[in-house]
Amino acid sequence: MLDIRLLREDPESVKTRLASRGPVESFDGILECDRERRALETRLQQLNGDRKRISKEIGQRKSRGEETGALEDEVRSFSDEIAKLDRLTVESGERQRDLLLRLPNLPHASVPAGSDASQNPVIREWGVKPAGGIDHLEIAARLGMLDLDRAAKISGSGFVCFTGAGAALERALINFMLDLHTRTHGYLEISPPFLVRRDAMIGTGQLPKFEEDMYAVEEGALFLAPTAEVPVTNLHREEILSAESLPKKMAAYTPCFRREAGSAGRETRGLIRVHQFDKVELVKITTPETSYDELEKLTADAEQVLRLLGLHYRVIELCAGDLGFGSAKTYDIEVWAPGQNAYLEVSSCSNFEDFQARRMNLRFKDAGKNRFCHTLNGSGTALPRLFVALLETCYKDGALDLPAPLRKYV
RNA sequence: GGUGAGGUGGCUGAGUGGUCGAAAGCAGCGCUUUGCUAAAGCGCCGUACUCCAAAAGGGUACCGAGGGUUCGAAUCCCUCCCUCACCGCCA
């Protein structure tokens with residue numbers, strides 16, 4: 001969520017920066033709403049002040065046993081107007097907040113211009129790109145690692161069932177990544193709830209705009225978390241953290257649930273786009289001064305997974321037009337899948353600056369002042385696509401030749 | 001699911017209709033005194049929004065959330081959420 005004061009004071013520069021992401025709906029309505037709200041509020045506060053003063057006077061006179069009928073009539077005479085102004089002010093405030101919640105974040109000054117994914121610059125590449133490879137579905141079938149037909153039978157298309165060595169490999173990868181991030185990289189392991197309240201989804205930015213992408217449990221009004229980013233970033237919502245406790249570094253394994261509405265027909269085969277998948281997520285809460293350094297470190301921590309597994313990958317930076325809703329700057333990590341002859345996104349490392357912190361009222365105490373934290377997250381990494389790359393890279397002579405760091409986990 | 005007890009400022013904890021944004025204590029900040037430390041005394045010490053061109057300084061709201069009663073609600077009534085305890089059920 002953007003600071004309304006920023007829009008009020010410098011609407012043109014905000015407009016320009018938002019436009020770099022692509023077409024934006026005008027936010028003139030927000031400014032109008034803001035003006036209206038403040039005018040209503042000023043009037044309401046005057047009347048409330050009057051009422052408060054007179055009521056106090058009534059109390060004093062009553063204690064002296066004096067007549068107060070005239071004063072009581074006076075207050076009654078404008079109590080209807082107070083009620084009306086109160087209602088209008090609340091409505092106006094809600095409308096303003098709702099509009100603000102639907103506005104995306106401002107891209108950081110360093111973000112490259114561009115309108116879509118084709119204009120994302122490659123920042124670096126690592127490892128050797130293997131030539132050719134067999135499709136992971138073929139490999140999985142030979143080794144009995146997947147049963148997609150039966151998964152579809154019980155849950156529909158877009159669901160995965162790992163079997164035998166496949167299930168064991170999935171589990172091994174989760175443990176391998178969690179151990180790396182907690183023991184070597186110093187993240188605090190979190191095992192959060194998978195179902196979250198609406199407020200948490202608003203906090204990280206999935207709602208109110210992207211409700212059709214989320215699975216909802218009507219009873220109890222809960223949502224299935226589409227990423228551990230939601231429960232983990234929201235852990236400290238509505239708190240004021242001490243500056244010394246920052247940065248907070250947390251790592252969590254969770255399943256992730258996504259309806260993938262609107263992507264019907266895209267990559268529907270295999271593991272590449274599914275409704276439920278496992279992921280190890282990295283989340284940081286930092287001060288504004290350190291968040292961009294922490295973004296570089298977080299990205300490196302995620303990359304380390306692929307390096308240890310010996311998988312070829314590249315890091316790209318998202319151009320302004322490809323940036324996610326809440327992000328100010330994002331690096332995507334894409335692993336090479338030889339059987340697909342394509343790079344697959346396995347991590348998206350983003351700095352949200354104070355965009356999420358504002359929504360969830362997450363602050364820290366800095367020399368007596370309360371300031372909004374910065375929040376970051378990135379996968380470290382998403383499982384199914386890593387699974388694809390691993391199979392297609394490591395399959396040799398009818399068997400998987402797994403990288404050494406993973407062997408003790410299987 | 002049932003019953004009971006609760007939710008007040010960073011913390012502890014008073015306050016059951018009026019002068020309460022809220023006693024007191026602790027913690028924190030500043031000053032004074034005693035050669036340091038310690039101790040004592042005094043003062044300051046919530047958040048959000050808003051008014052004023054800005055600062056200074058005002059104002060309004062906030063005692064879990066929302067509604068109601070009232071001239072006036074932390075205080076009375078209703079609904080909900082959460083915490084704790086015990087019982088039942090259950091992986």
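Here is the naming used below: chain letters follow the sequence lines, and residue numbers restart at 1 for every chain. Not measured: the values here are computed from a predicted model.
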[N] [atom2] sits how many Å from [X] [atom1], rounded?
| X | N | atom1 | atom2 | value |
| --- | --- | --- | --- | --- |
| A:Ile58 | B:U19 | CD1 | P | 13 Å |
| A:Gln96 | B:C49 | CD | P | 11 Å |
| A:Leu47 | B:U60 | CG | P | 12 Å |
| A:Ile240 | B:U47 | CD1 | P | 7 Å |
| A:Glu36 | B:U50 | CD | P | 14 Å |
| A:Leu44 | B:U60 | CG | P | 11 Å |
| A:Ile82 | B:C71 | CD1 | C1' | 10 Å |

Practice item. Check each of A:Thr299, A:Thr375, A:Thr330 against A:Ser350 using the side chain to side chain donor-acceptor pair (under 3.5 Å) test, and report the only one that passes. Key: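 Running side chain to side chain donor-acceptor pair (under 3.5 Å) over A:Thr299, A:Thr375, A:Thr330 with A:Ser350 returns exactly one hit, A:Thr330.
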Revision key, fill the gap. Per atom distances to the A:Arg5 side chain, the nearest of B:U50, B:U60, B:G18 is B:U50
Taking only side-chain N and O atoms of [X], does any of them lie within less than 4.0 angstrom of OP1 or OP2 on [N]?
| X | N | answer |
| --- | --- | --- |
| A:Arg61 | B:G72 | no |
| A:Lys52 | B:A61 | yes |
| A:Arg38 | B:C49 | no |
| A:Arg8 | B:U50 | yes |
| A:Asn370 | B:U47 | yes |

Check your understanding: If we ignore angles and hydrogens, is there a donor and acceptor under 3.5 Å between the side chains of A:Gln340 and A:His136?
Key ->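 Distance-only check passes for A:Gln340 and A:His136.
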**Study point:** Pair A:Glu229-A:Asn377, side-chain donor/acceptor within less than 3.5 Å
**Key:** yes
Check your understanding: Checking all strands, does A:Arg197 fall into the base, sugar-phosphate, or nothing category for heavy-atom contacts under 4.0 angstrom?
Key -> sugar-phosphate
Practice item. May I ask you to say what A:Arg37 touches in the nucleic acid, namely base, sugar-phosphate or nothing, with a heavy-atom cut-off under 4.0 Å? Key: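 Here A:Arg37 touches the backbone only, sparing every base.
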Check your understanding: Aromatic rings A:Phe355 and A:Phe325: how do their planes relate, parallel, tilted or perpendicular, breaks at 30° and 60°?
Key -> perpendicular
**Study point:** Nearest-Å distance once atom C1' is located in both B:A22 and B:A74
**Key:** 8 Å
Check your understanding: Is there a donor-acceptor pair under 3.5 Å between the side chain of A:Arg385 and the backbone N or O of A:Ile272?
Key -> yes
